[in-house]
There are 2 protein chains.
Amino acid sequence: MSEPRSRRALADNPAVHDQVYEAIRQALITGRIAPGVGVSLRSLAAELGVSPMPVRDAVRRLVAERALAINPANKRLSVPSLTAARLEQLSQARLWIEPELAARAAPRADAALIKLLQTIDAEVDTALTLGDVDRYMTANHRFHFAIYERAEADVLLSMAGGLWLQIGPFMRVVFGRVGADGLVADRHAEALGALKAGDAEGARRAIAADLSEGMDKMRVAVEAGG
Amino acid sequence: MSEPRSRRALADNPAVHDQVYEAIRQALITGRIAPGVGVSLRSLAAELGVSPMPVRDAVRRLVAERALAINPANKRLSVPSLTAARLEQLSQARLWIEPELAARAAPRADAALIKLLQTIDAEVDTALTLGDVDRYMTANHRFHFAIYERAEADVLLSMAGGLWLQIGPFMRVVFGRVGADGLVADRHAEALGALKAGDAEGARRAIAADLSEGMDKMRVAVEAGG
DNA sequence: GGCCAACAATTGCGATCACAATGCAAGGCC
DNA sequence: GGCCTTGCATTGTGATCGCAATTGTTGGCC
C-alpha cells in the first residue's frame, strides 16, 4: 500500500474509501461480521491493505447509517447488537418504504427490467437449492433493489438501502437458526407478475408479503435467543 | 487550533468533529447555508478555526445523511438543490415516521415532559411574534424532538433526525417567500393536549396535521420558484 | 479584440506522525 | 492465593504533508 497507485480517471475508478465502504457494507449485508464483536480501524485497515484513513471515512458513513455503532464512552466501534426493539422498528420502517418503492416502480417497469429480474430470481433460486447463504443474500438484495431503483425516488431509495444495511446481521441469524430452507418461500414470482402487469398495488402487496414473512422468521429467530 | 487541549473527561467534552458536525447541522436546519452553493473543506475549517480533518469527518456524516451532496465528477460538495420530487418524498417519509413517533411517545409522556413542551412552545410563539426565523426553527425543532425522544425508538428517531436535516433548507425557502407569518398556525397545542391525556392516536393526528400543513406551505413555495 | 493555452491557486484524498485515553496483562503487595 | 497497581500495547483523534486533479486567471497569439 506504499504503492504509488497510478492515477486514473475519477468516474471509472472509485476512491479507496468508497471501496472500503463497499467491502464493509458487503460484509455487513451478508452478515460476515457478527453483531456485538468489536472492530478497530487499524485492524480493518490492515485486513484490507490500506491506511487507517480511508477506513475512518468509510466507518463514519456506516456509523451515520447506523450500520455500525460506536460506544460513546470508549469510542470503540462494533456491530450493533440484535434486539427485539431494533428489529421491530426496522420491520415497521421497511414495511412502509419498500412496498411504496415497489408500487412506484410498477408503472415504470419495462421488458428489460422484467428480464433482469427473472435472471436475478433464477440466481436466488440457485443459491437456495445450493444452500449458499452469501450468494442468496447478495442475489436477494439485487432483486429487491433492481425494483426499487426503478421507482426513481432517490430519497426513499437511500432510506431503504440504510435499512437493509441494518437488517443484514439479523438475516444471518435467521440462517444460523432455521437453515437455508427457512427462507424458501418468497413472493418474488408474485412481485414479478404484478410488475409485468404494471399493477402498482399488486407489487406493493407482493413486496409487503415478502418482507413480512421474512421479518416474521427473523423475529422468532431473535426471540429464540438473539 | 494548535492549542494542546487541556485534559478532560470524554463524556462531557465532545470531540471536535462532533462540534463541527453540530455547527454545520445547525446551519443547515436553520437554513443558513443556501442550497446550490458550493462549500469546501478548507474554507469550512478556516471559518470554524479547526483543521480540515474533523471537518472531513463531519462532512462524511452529513453526506451519508444526505444533508450535503457531493458532485461525483468534481467531488466538490454543496447543499442539495430543492426539487419538487425531493420535497414530495421527504414529506411522505416524515408523514409516516413522525406521527408514529408521537403516538409511541404519548403513553410515556409525564408531567415533566408536558412542562418542558409548554416552555418550548412558549419560545416558539415568542420567536414567531418577533419574526426571528432562526429562533423559531430551533425552537420548533426542539419541540418536535422532545416528543420524539420520548418514544424510545432510536432507529425511527434517527430517521426522523435525518429527514429534518434534509428538509431544513426547504423551510428557509418558505420563510423567504411567505414571511414568518406563514407558519403561525401550528398544531402544538393540540399535540400537547393529546400527550397530556396519553392519547396516542390524538398525538398521531396532531403531529400529522402539523407536518402536513407545513409541508403544504413548502410545496407551494417551491413550486412558486424554488 | 477575442480565443486558447499555460500557469497558479484551490480542493479532495490518502499517508504518516503525535498524543491522550483506554484496555490488557503481568507482577508486586497484603 | 486474591486483589490492586503498574507498565505496555492498542485505539481513536487531530495535525501536517504530499499528490493529483480541477478551477480560475492571466498572458500570449492570431
What's the closest nucleotide to the side chain of [X] if the choices are [options]?
X       : options                : answer
A:Met53 : C:dG12, D:dT13, D:dA15 : D:dA15
A:Ser40 : C:dC13, D:dT11, C:dG23 : D:dT11
A:Leu41 : D:dA15, D:dG12, C:dA15 : D:dG12
B:Ser51 : D:dA15, C:dC13, C:dA15 : D:dA15

Exercise for the section: Pick base, sugar-phosphate or nothing for A:Val20, based on heavy-atom distances below 4.0 Å to the nucleic acid. Expected result: nothing
Exercise for the section: Could you check A:Asp134, A:Asn140, A:Asp132 and say which one makes a side-chain contact (heavy atoms from CB on, under 4.5 Å) with A:Tyr136? Expected result: A:Asn140
Without decimals, in angstroms, what is the distance between [X] [atom1] and [N] [atom2]?
X       : N      : atom1 : atom2 : answer
A:Leu44 : D:dG12 : CG    : C1'   : 13 Å
A:Arg76 : D:dT10 : CZ    : C1'   : 7 Å
A:Asn71 : D:dG12 : CG    : C1'   : 12 Å

Handout entry: Side-chain N,O (B:Asn74) to OP1/OP2 (D:dT23) below 4.0 Å
Key =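 It does, given that an N or O in the side chain of B:Asn74 lies less than 4.0 Å from OP1 or OP2 of D:dT23.
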Exercise for the section: Measure the shortest side-chain to side-chain distance between A:Tyr21 and A:Glu65 over non-hydrogen atoms and say whether it is less than 4.5 angstrom. Expected result: yes
Practice task
Answer with yes or no whether B:Arg56 presents, from its side chain, a donor or acceptor under 3.5 Å of a partner atom in the base of D:dG14.
Solution key: no
Handout entry: Value rounded to 0.5 Å, distance of CG in A:Leu44 from CZ in A:Arg42
Key =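 Output value for this atom pair is 12.0 Å.
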